[in-house]
Structures are given as structure tokens and as C-alpha cells.
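See structure below.
Just so we're on the same page: letters track the sequence lines, and every chain starts at 1.
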Amino acid sequence: MPRSTSWTDDRIEILTQLWRDGRSASAIARELGGVTRNAVIGKVHRLGLSGRATPARPGTRRPRAPKAERPAARSRRMPVAKPWPVVVEPVPLAGTSDVASIGPHMCRWPIGDPRADSFALCGRAAVRGAYCAPHGAIAYRPTAPDHLLRLAGLR
DNA sequence: CCCTGATTCGC
DNA sequence: GCGAATCAGG
């Protein structure tokens, strides 16, 4: 028994039969064992078995470029779905008002842990709804364009 | 990414 | 003759 798998007559016959059956090269290689699909394809060609009954060979093989590396085709396309800009403004580190002293036109943005004594509300002039400009920028984030929300199943 | 066969060429 | 590497595609 040959320890290196070789193309013995019987293996060639199996190969021929399976190939005519339309089995793929890799399937044949697995069936035979000890050979790769490349080996099978190579043998098929050497045997002159290549074109099958109805091969349907659309593309003709390229003569193989001498040695050039592929230029990695540049495609110009629109930049896709960059995150829309989120404005980050400086935010006051500490609040100046507590819930009792907060007025109607003062920023109600909570600062700190509500359970802590240091808890406060921002208290700056409210210019966007209940909040000052920087807190309003956080509270009223721009939403995604409608079509994107639809794509995401959020509408 | 998986897969297909085709081709080249050093061994 | 052999088949890995590499190719063009599906």
C-alpha cells in the first residue's frame, strides 16, 4: 500500500466517474482522501476531462498578468452614515439653586446625586425649554433623520 | 466569508 | 506528472 496517495488506476477511475457525475472538485477530493481539490482539478485537466457535459463557462480565463500587483481599485462613493455631529458645550460643574429656590426661567438640570446634600439644580438662565444652553444641548439632542430611524426599526 | 473551476510553474 | 498558489467568478 503506497504511503503517499498517488493517482492509481482505480483512483483515477473513481475521479473520472465522480467528475462526470458532476461532483465538485472539493467533494471528490474529500471522497478520495489524501488529496486537495487543487490536486483533483489538476488531475482532471491532465486527463483532459475538463469541460463537463454542459459546462457553461462564461468568463474566459485571463492570460495572467506577468507580475503586477492589483491597484486596489478606488471607488468614489458618498461617505455613508457618519454619525451626525453632537455639540458638546462646557457644562457647569456645580448647581447654584435648590429645588426650593428654582425660579420659572432657571435651568432645572440636576447636578449631583439627588440623595446628597450637595444636590442642586443648575440655576442658570433657561434659554431652551427648562434648561440653559449647554444643558439644553444635551437634553434636546438632534434625532436621527426619519429614514434612518425607519431603517433601525425605531419607527 | 464561503464556495466554484482554471491556470501557472517550481518541483 | 504533480499540486500549491493564485487567479476570476458565484
Side-chain angles (χ1 to χ4, degrees), chain A residues 1-95 107-116 118-119 121-122 124 126-155:
Chain A
M1 183 180 186
R3 44 211 91 278
S4 66
T5 313
S6 61
W7 288 114
T8 55
D9 287 352
D10 54 319
R11 285 170 64 82
I12 289 176
E13 189 167 336
I14 295 171
L15 165 62
T16 303
Q17 185 55 55
L18 291 177
W19 184 259
R20 294 219 169 107
D21 276 0
R23 307 285 301 279
S24 72
S26 60
I28 296 171
R30 280 193 301 269
E31 190 121 349
L32 288 170
V35 285
T36 65
R37 73 178 197 93
N38 280 312
V40 167
I41 291 171
K43 187 59 180 171
V44 162
H45 277 251
R46 266 172 257 125
L47 290 172
L49 265 44
S50 20
R52 303 206 218 208
T54 309
R57 245 184 320 186
T60 306
R61 218 96 303 269
R62 197 178 59 129
R64 182 180 252 242
K67 212 202 272 10
E69 77 275 13
R70 282 169 298 180
R74 271 237 55 84
S75 65
R76 55 305 183 222
R77 76 279 186 233
M78 296 295 289
V80 174
K82 284 193 305 186
W84 55 92
V86 173
V87 176
V88 176
E89 299 182 37
V91 170
L93 293 178
C107 178
R108 287 166 166 73
W109 191 269
I111 306 288
D113 184 344
R115 294 164 302 186
S118 60
F119 177 70
L121 300 176
C122 171
R124 300 165 83 216
V127 296
R128 296 184 65 183
Y131 306 112
C132 65
H135 286 136
I138 299 172
Y140 306 117
R141 291 283 181 86
T143 186
D146 209 61
H147 71 281
L148 289 182
L149 289 177
R150 265 187 245 284
L151 281 175
L154 297 176
R155 282 192 187 175

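By the side-chain hydrogen bond (donor to acceptor under 3.5 Å, both in side chains) test, A:D9 pairs with no residue at all, sequence neighbours left out. By the side-chain hydrogen bond (donor to acceptor under 3.5 Å, both in side chains) test, A:T16 is found to be paired with no residue, residues two or more places apart in sequence or in another chain being considered.
Rounded to a whole Å, the CZ atom of A:R23 is 15 Å from the C1' atom of B:dT4. Straight-line distance from the CD1 atom of A:I41 to the C1' atom of C:dA5: 12 Å, rounded to whole Å.
If you check the side chains of A:N38 and A:T36, you find no donor sitting under 3.5 Å from an acceptor.
Shown here for A:W109 and A:A139, the closest heavy-atom pair between the two residues is CZ3-CB, 3.8 Å.
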- Would you sort out whether A:D113 and A:R115 count as a salt bridge (Lys or Arg N to Asp or Glu O under 4.0 Å), showing the intermediate values? CA-CA 5 Å; A:D113 184 344; A:R115 294 164 302 186; 3.2 Å; yes

Distances for protein N or O near nucleotides 1-4 of chain C N or O, under 3.5 Å:
from, atom 1, to, atom 2, distance (Å)
C:dC2, OP2, A:K43, NZ, 2.6
C:dC2, OP2, A:R46, NH1, 3.0
C:dC2, O5', A:R46, NH1, 3.4
C:dG3, OP2, A:W7, NE1, 2.8
C:dG3, N7, A:R46, NH2, 2.6
C:dA4, OP2, A:T36, OG1, 2.5

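In this structure, A:S26 reaches the B:dT4 phosphate: one of its side-chain N or O atoms is under 4.0 Å from OP1 or OP2.
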